[in-house]
Trainee: 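Could you have a look at this structure, given as structure tokens, before my questions?
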Amino acid sequence: MRFMKTIGIGALTLAATQCGRTQDVEPNKPSPVATNEGPKPAATAPPARANAPATAMRMPVDGLPMIGTDRALVTIVEFTDYQCPYCARTQETISALRETYKDDLRVAVAAHPLPMHDRARPAALAAIAAAEQGKLEAMHARLFAGQKTLDDAGILRAATDAGLDLVKFDAARRSASVAASLDRAEALGKTAGVTGTPTFFVNGRRVVGAQPLEKFRTIVDEEIAKARALVASGVRREDVYAKILETASALAAPAAQGESCGGGDDGDCHGAPSNAAEPARDEKPVDVRIDGAPLRGFARAPVTVVVFIDFECPFCAKVQTTLRDLEQAYAGKVRVAFKHRPLPMHSNARLASKAAMAAHLQGKFWEYHDAIFAHQGALDRASLERYARDVGLDAARFTRDLDGTELDLRMAADEADAKTLGVEGTPTTFVNGRRVVGAQPLAGFKAAVEKALAEVR
């Protein structure tokens, strides 16, 4: 196979998932890729995730902070991250459900802070501490309302607005008992195979992502009908959930998923590693443009790895080591092309991409690329200018290019390519066009390279 300006590919999607894609997985129903605006057309929708088990799962709620009464007929266990924008989106949906069903519905909050969100864990501890004062609902709402200011001062403001005793609150959120409660919630999520937020269990039925209100209503109505039948048979309302768990299946994780950050305006956040690298399905050939993209490796290498990256995505940082190992394992046979996919959830990613392109204009993209990933937590303008000096760039030219419009046009071209290819999350990689989604293990990339080499021999 010969590579020119584009790569003709037969894309292969590994068993991995992305943020930025919502999918409901009701038992005994197909699982379309959906957004708040409804399902995407099949021709353009990204690969769907594996379905949830066909029966309700045995999801315990002991020890989880609860909003609502124990006489509720439906229990929603919500695995959430206070920095996840899609979790914030679902709060309006959950509030509407509670308004509609009142005491027939309760919500157990299972905090599931993801490693990509540095303030999610402190916020989760704050929510659990608020629950000890009976103020979970108020604190839960205020943490999401102040999602962009979850530093310590922001959390204390939320606690004040929620009417908490601040002395007791501060002691509780730093206590071993509250930390242990969060650890138990995270362990429960791991057992249940919760790799992204938001993830819900409605009387044990898994629903993944920021689904529309009607999706939830359909499931809740079905579960209320079942619960009322149990009550009619003599089961006390406060025993309904326990009775449902008696016939539910043991918790089981869905198919393994790659670590990735998500994009677009709908979806969820994913932060769990994948243990699988088997192909899910083959797609029709597409073209990936690499003209103008930074390249690393032997120019005539038979395998080209095109990677779409967000500089603020922690999993993009992680995959860099994997790609270096891949290049070393296939010296002279693999080259890497870099394309930009800054996500709206990361406020500094776009400027970092422009800065890297400015470095590329001076022939030092990879040096600057490494500097950014080495300091991923500091991607403000002043820091980016410092990295430019550190790698020996002409500072005046760097500033001029960074402030100009040419790089915006180049950025738009990469983003248009990402949209055409259905690249909604990062990292997304194409190995001779075979799609690898997320920070997959080295073995997954090797399998894609071996397949590519077999095809070009």
Trainee: So does E137 pair up with R98, basic N to acidic O under 4.0 Å?
Mentor: yes
Trainee: Side chains of Q91 and Q147 only: does a donor on one sit below 3.5 Å from an acceptor on the other?
Mentor: no
Trainee: Assess whether a salt bridge exists between R157 and D161, defined as any Lys/Arg side-chain N lying under 4.0 Å from an Asp/Glu carboxylate O.
Mentor: no
Trainee: Using the rule given for side chain to side chain contact (heavy atoms under 4.5 Å, CB included), can you reason through F315 versus M116, listing the C-alpha separation, both sets of side-chain angles and the distance that settles it, and then say yes or no?
Mentor: CA-CA 8 Å; F315 311 121; M116 68 175 75; 3.2 Å; yes
Trainee: Would D118 and Q83 satisfy side chain to side chain contact (heavy atoms under 4.5 Å, CB included), going step by step from the backbone distance to the final call?
Mentor: CA-CA 8 Å; D118 62 337; Q83 263 186 292; 3.5 Å; yes
Trainee: Quick one: are I76 and L97 in side-chain contact, heavy atoms under 4.5 Å?
Mentor: yes
Trainee: For the backbone of A126 and the side chain of R173, can you confirm whether one donor and one acceptor N or O come within less than 3.5 Å of each other?
Mentor: no
Trainee: Measure the CG-OG1 distance between L213 and T100 for me, rounded to the nearest 0.5 Å.
Mentor: 6.5 Å
Trainee: Is it the case that atom CD in E92 sees more than 12 heavy atoms from other parts of the structure closer than 6.0 Å?
Mentor: no
Trainee: Closest approach of H112 and T197, non-hydrogen atoms and distance?
Mentor: O-CG2, 3.7 Å
Trainee: Quick one: OG1 on T426 to NE2 on H346, what's the gap to the nearest 0.5 Å?
Mentor: 7.0 Å
Trainee: Is the closest basic N to carboxylate O distance between R341 and D310 below 4.0 Å?
Mentor: no
Trainee: Thinking salt bridges, do R119 and D81 make one under a 4.0 Å N-O criterion?
Mentor: no
Trainee: Can a donor-acceptor pair be found between the side chains of D325 and T322 at a distance below 3.5 Å?
Mentor: no
Trainee: What distance do D287 atom CG and T420 atom OG1 have between them, rounded to the nearest 0.5 Å?
Mentor: 10.5 Å
Trainee: Indicate yes or no: does R121 engage E186 in a salt bridge with an N to O separation below 4.0 Å.
Mentor: yes
Trainee: Please find the pair of heavy atoms, one from A210 and one from R89, that lie closest to each other, and give the distance.
Mentor: CB-CD, 3.9 Å
Trainee: Step through the shown structure and confirm whether more than 12 heavy atoms of other residues, nucleotides or ligands are within 6.0 Å of NZ on K226.
Mentor: yes
Trainee: Any non-hydrogen side-chain atom of I290 less than 4.5 Å from a side-chain atom of V306?
Mentor: yes
Trainee: Given side chains that start at C-beta, do those of V61 and M66 come closer than 4.5 Å, heavy atoms only?
Mentor: yes
Trainee: Which class fits the ring pair H369 and F338: parallel under 30°, tilted 30 to 60°, perpendicular over 60°?
Mentor: perpendicular
Trainee: What closest approach, in Å, do A185 and A111 show between heavy atoms, and which atom pair accounts for it?
Mentor: CB-O, 3.7 Å
Trainee: Stepwise, does the side chain to side chain contact (heavy atoms under 4.5 Å, CB included) test hold for T405 with L407?
Mentor: CA-CA 6 Å; T405 60; L407 298 181; over 6 Å; no
Trainee: Side chains of T75 and R106 only: does a donor on one sit below 3.5 Å from an acceptor on the other?
Mentor: yes
Trainee: Please answer whether the main-chain N or O of I224 pairs with a side-chain N or O of R228 as donor and acceptor at a distance below 3.5 Å.
Mentor: no
Trainee: Looking only at atom types and distance, does a side-chain atom of Q133 sit under 3.5 Å from a main-chain N or O of D165, one as donor and one as acceptor?
Mentor: yes
Trainee: Charged N to carboxylate O below 4.0 Å: is that the case for D62 and R184?
Mentor: no
Trainee: Between K215 and D221 (salt bridge meaning N to carboxylate O under 4.0 Å), is one present in this structure?
Mentor: no
Trainee: Would you indicate whether the side-chain heavy atoms of V194 and K190 approach each other to under 4.5 Å?
Mentor: no
Trainee: Rounded to the nearest 0.5 Å, what separates atom CG in D70 from atom CZ in R236?
Mentor: 9.0 Å
Trainee: One pair to check against side chain to side chain contact (heavy atoms under 4.5 Å, CB included): V423 and K419. What are the steps and the verdict?
Mentor: CA-CA 6 Å; V423 175; K419 183 176 181 179; over 6 Å; no
Trainee: For V74, does its backbone N or O pair with a side-chain atom of E223 as donor and acceptor, under 3.5 Å?
Mentor: no
Trainee: Can you name the nearest heavy-atom pair linking V240 to V231, along with the distance?
Mentor: CG2-CG2, 3.8 Å
Trainee: Do L323 and V307 have side chains that approach each other closer than 4.5 Å (heavy atoms only, starting at C-beta)?
Mentor: yes
Trainee: Closest heavy-atom contact between A378 and S383?
Mentor: O-CB, 3.3 Å
Trainee: When you check the side-chain N and O atoms of H140 and Y82, is any donor under 3.5 Å from an acceptor?
Mentor: yes
Trainee: State whether R350 and E415 are salt-bridged, where the test is any N-O pair (Lys NZ or Arg NE/NH1/NH2 against Asp/Glu carboxylate O) under 4.0 Å.
Mentor: yes
Trainee: Once you round to the nearest 0.5 Å, how far does CZ of R434 lie from OG1 of T429?
Mentor: 14.5 Å
Trainee: Do P122 and I155 come close enough that some side-chain heavy atom pair is under 4.5 Å?
Mentor: yes
Trainee: Output yes when E246 and R58 qualify as a salt bridge under the 4.0 Å nitrogen-oxygen rule, no when they do not.
Mentor: no
Trainee: Tell me if the centroids of the rings in F79 and F200 come within less than 6.0 Å of each other.
Mentor: no
Trainee: Is the shortest side-chain heavy-atom distance between F311 and C316 below 4.5 Å?
Mentor: no
Trainee: May I ask you to decide if R289's main-chain N or O and K339's side chain share a donor-acceptor pair within less than 3.5 Å?
Mentor: yes
Trainee: So which heavy atom on A172 is nearest to which on V178, and how close?
Mentor: O-CG2, 3.0 Å
Trainee: So how far is it from L164 CG to D170 CG, rounded to the nearest 0.5 Å?
Mentor: 11.0 Å
Trainee: If we only count heavy atoms from C-beta on, is the M411 to P342 side-chain gap below 4.5 Å?
Mentor: yes
Trainee: More than 12 heavy atoms of other residues, nucleotides or ligands under 6.0 Å from CG of D380: is that the case?
Mentor: yes
Trainee: Between S181 (side chain) and S177 (backbone), is there a donor-acceptor pair under 3.5 Å?
Mentor: yes
Trainee: Any donor and acceptor pair, going by atom type alone, linking the side chain of Q440 with main-chain N or O of V436 inside 3.5 Å?
Mentor: no
